[in-house]
Amino acid sequence: MAAPMRNVDEIRDRVILGEFGVRNVHSTDFPGNYPGYDDTWDLRKFKKNFRLDVFHMDENTLEFDMVGIDAAVANAFRRILLAEVPTMAIEKVFIYNNTSIIQDEILAHRLGLIPIKADPRLFEYRNAGDEEGTEIDTIQLQLKIKCTRNPRASKDSSDPKELYLNHMVYSKDITWVPIGNQADVFADAKIGPVHGDILLAQLRPGQELDIVMHCVKGIGKDHAKFSPVATASYRLLPEITLLQTVEGEKAERLKRCFSPGVIEVENIDGRQVAKVINSRLDTCSREVLRHDDLKSLVKLGRVRDHFIFSVESTGILPPDVLVTEAINVLIAKCQKFLNELDSTEME
């Protein structure tokens with residue numbers, strides 16, 4: 001009886017990586033599917049099992065573990081991060097003068113994709129049909145630059161960097177033009193492009209750009225320029241189990257089959273023995289399954305309800321703030337669904 005129960009636990013909780021395929025990829029722990037298991041959803045049970053652990057965080061990246069949830073919820077959270085957390089981005093481009101070789105449409109597209117450092121929580125969505133915008137829903141930026149010859153350049157020089165002034169137009173040349181009382185409200189905020197080294201155009205003497213831009217609030221579902229993340233992804237926690245003791249030359253080959261830091265060879269009583277140190281670092285390449293004398297010694301799996309999230313911000317907002325905002329969006333979606341159910345019952 002114990003062996004079948006272990007098999008059932010494996011089917012329910014682990015994704016198994018085999019030589020010719022992946023097993024147990026679908027969630028099967030729904031009520032009534034397994035005799036002896038109570039899979040009815042319970043809030044107290046969920047609170048007990050669910051946890052969120054921050055593994056690494058810096059200025060623009062965040063890696064955290066979300067444990068105790070179904071893949072559908074994890075994927076919903078990922079998609080919200082990509083497409084439903086609002087940001088500010090350039091929406092309207094008014095080109096008063098463009099004598100560069102870049103067409104107006106291409107230049108406007110390049111400008112629109114520049115991440116803008118502005119907290120979207122401090123702004124409202126612009127009303128449909130409103131062309132002007134106000135201080136509560138619009139940020140105005142300006143790009144005004146002209147290329148000229150450098151009078152101090154050497155006559156023998158052929159380097160454009162020495163011959164010309166302002167011949168390379170970067171995002172740092174974009175300036176913020178406050179609307180209404182924005183200069184007072186955002187006195188401490190450095191509104192403008194997140195990165196100043198984004199090349200926009202190249203000019204030659206006599207060519208110039210005179211452009212005004214309006215930034216509005218939007219979400220990535222409408223246009224990718226509003227997406228607050230460079231990437232947001234998740235993977236299941238790898239699980240590597242050694243079925244037998246692996247020694248000597250086999251241990252060294254086994255170590256080389258995995259990513260650095262996953263397997264280490266330790267000296268135990270004069271023997272070189274392989275040991276799993278950190279399976280989290282594994283990329284699940286299944287390289288070990290190519291070795292006939294090693295593949296029967298290792299079992300490769302992934303924990304079904306342990307998701308390792310990687311969030312890389314574009315720099316508009318810190319990654320921990322993006323995660324918090326994504327959770328708020330998910331809560332709002334759930335509340336909207338509950339309200340719809342209540343209104344249907346009343347009808």
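All residue numbers refer to positions in the sequence shown, counting from 1.
Looking at heavy atoms from C-beta onward, Ile263 lies in side-chain contact with Val276 at the 4.5 angstrom threshold. At least one side-chain heavy atom of Leu294 sits under 4.5 Å from a side-chain heavy atom of Lys250. Glu84 is not listed as a side-chain neighbour of Arg79, based on a closest heavy-atom distance of 4.5 Å or more. Using a 4.5 Å heavy-atom threshold, the side chains of Ile101 and Gln207 count as touching. No side-chain heavy atom of Asp13 sits less than 4.5 Å from a side-chain heavy atom of Arg304. Within the 4.5 Å cutoff, the side chain of Ile139 has no heavy atoms near those of the Phe186 side chain. Residues Leu317 and Pro228 have side chains not in contact (no heavy-atom distance under 4.5 Å, counting atoms from C-beta outward). Side-chain contact between Ile277 and Glu266 is present, with at least one heavy-atom pair separated by less than 4.5 Å.
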With side-chain contact (heavy atoms from CB on, under 4.5 Å) as the criterion, how do Val22 and Arg286 come out once you've worked through the C-alpha distance, each side chain's angles and the decisive distance to 0.1 Å? CA-CA 11 Å; Val22 183; Arg286 295 188 281 180; 4.1 Å; yes

Are Phe258 and Val298 close enough, and set up right, to give a side-chain contact (heavy atoms from CB on, under 4.5 Å), and what steps lead you there? CA-CA 12 Å; Phe258 294 90; Val298 182; 4.2 Å; yes

Salt bridge (Lys or Arg N to Asp or Glu O under 4.0 Å) evaluation trace for Glu264 with Lys255: CA-CA 6 Å; Glu264 294 294 342; Lys255 176 183 176 180; 3.4 Å; yes

Step by step, work out the side-chain contact (heavy atoms from CB on, under 4.5 Å) result for Leu200 and Leu209. CA-CA 11 Å; Leu200 302 177; Leu209 296 173; over 6 Å; no

Show the numbers, then the answer: is there a side-chain contact (heavy atoms from CB on, under 4.5 Å) between Val212 and Val177? CA-CA 9 Å; Val212 173; Val177 181; over 6 Å; no

Run the side chain to side chain donor-acceptor pair (under 3.5 Å) check on Tyr37 and Asp9 step by step: do they pass? CA-CA 10 Å; Tyr37 288 87; Asp9 288 337; 2.6 Å; yes

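The neighbour count for Glu249 CD, taken as heavy atoms of other residues, nucleotides or ligands under 6.0 Å away, is above 12. Within 6.0 Å of NZ in Lys117 there are more than 12 heavy atoms belonging to other residues, nucleotides or ligands. Residue Glu59 places its CD atom among 12 or fewer non-hydrogen atoms of other residues, nucleotides or ligands, all under 6.0 Å distant.
Taking all atoms of both residues into account, the shortest heavy-atom contact from Leu111 to Ile90 is O-CD1, 3.2 Å. Ser154 and Leu163 make their closest contact through O-CD2, 4.2 Å (heavy atoms, listed as atom of the first residue, atom of the second, distance). The nearest pair of heavy atoms linking Pro319 to Leu62 is CB-CB, 3.6 Å. Closest heavy-atom contact between Asn267 and Gly270: OD1-N, 3.0 Å. Minimum interatomic distance between Pro35 and Asn33 (heavy atoms only, all atoms of both residues): CD-O, 3.9 Å. The heavy-atom pair separating Ala74 from Phe309 by the smallest distance is O-CZ, 3.4 Å.
Residues that satisfy the side-chain contact (heavy atoms from CB on, under 4.5 Å) test with Asn97, not counting sequence neighbours, are Thr99, Glu208, Asp210.
Ring pair Phe307/Phe77: centre-to-centre distance not below 6.0 Å.
Side-chain heavy atoms closer than 4.5 Å link hydrophobic residues (I, L, V, M, F, W, Y) into clusters, and following such links, even through other members, never connects Leu113 to Ile95. Linking ILVMFWY side-chain heavy atoms closer than 4.5 Å, directly or via other members, places Ile316 and Val329 in a single hydrophobic cluster. No continuous path of ILVMFWY side-chain contacts below 4.5 Å connects Leu17 to Ile308, so the two sit in separate hydrophobic clusters. Residues Val303 and Leu242 do not share a hydrophobic cluster, defined by chaining ILVMFWY side chains whose heavy atoms lie under 4.5 Å apart. Residues Ile69 and Leu330 fall within the same hydrophobic cluster, defined by Ile, Leu, Val, Met, Phe, Trp and Tyr side chains chained together at heavy-atom separations under 4.5 Å.
Looking only at distances, a side-chain donor or acceptor of Gln182 sits under 3.5 Å from a matching main-chain atom of Glu135. Distance alone, capped at 3.5 Å, places no donor-acceptor pair between the Arg302 side chain and the Arg235 backbone. The closest donor-acceptor contact from the side chain of Asn75 to the backbone of Ala72 lies at 3.5 Å or more, if one exists at all. The main-chain N or O of Asp53 is never found under 3.5 Å from a side-chain atom of Asp65 such that the two would form a donor-acceptor pair. With hydrogens and angles disregarded, no donor-acceptor distance shorter than 3.5 Å links the side chain of Arg23 to the backbone of Ile11. Under the 3.5 Å distance criterion, the side-chain polar atoms of Thr231 are left unmatched by any main-chain donor or acceptor of Glu312. At distances below 3.5 Å, at least one donor-acceptor pair connects side-chain atoms of Asp42 with backbone N or O atoms of Lys45. Between the side chain of Ser279 and the main chain of Pro238, a donor-acceptor pair closer than 3.5 Å is present. At least one donor-acceptor pair closer than 3.5 Å links the side chain of Asp58 to the backbone N or O of Thr61. Side chain of Arg204 to main chain of Cys147: no donor-acceptor pair is present (N/O by atom type, distance under 3.5 Å, no hydrogens or angles).
To the nearest 0.5 Å, the span separating NE2 on His306 from CE on Met66 amounts to 11.0 Å. Rounded to the nearest 0.5 Å, atoms NZ (Lys221) and CD1 (Ile80) are 9.5 Å apart. Here CG of Leu203 is found 11.5 Å from OH of Tyr164. Values are rounded to the nearest 0.5 Å. One distance of note links NE2 of His109 with CD of Gln103; it measures 13.5 Å at 0.5 Å rounding. Arg12 CZ to Phe30 CZ: the interatomic distance, rounded to the nearest 0.5 Å, is 10.5 Å.
A salt bridge links Arg290 with Glu287; the closest basic N to acidic carboxylate O contact falls under 4.0 Å. Ion pair Asp119/Arg121 flagged as a salt bridge, since at least one NZ, NE, NH1 or NH2 atom sits closer than 4.0 Å to an Asp/Glu carboxylate oxygen. The pair Lys299-Glu239 does not count as a salt bridge, with every side-chain nitrogen at least 4.0 angstrom from each carboxylate oxygen.
Remark: of the listed residues His214, Arg126, Lys217, Arg126 is the sole one forming a side chain to side chain donor-acceptor pair (under 3.5 Å) with Thr138.
Taking the ring axis of Phe55 as reference, the NZ or CZ atom of Arg280 stays within 45° of it and closer than 6.0 Å to the ring centre.
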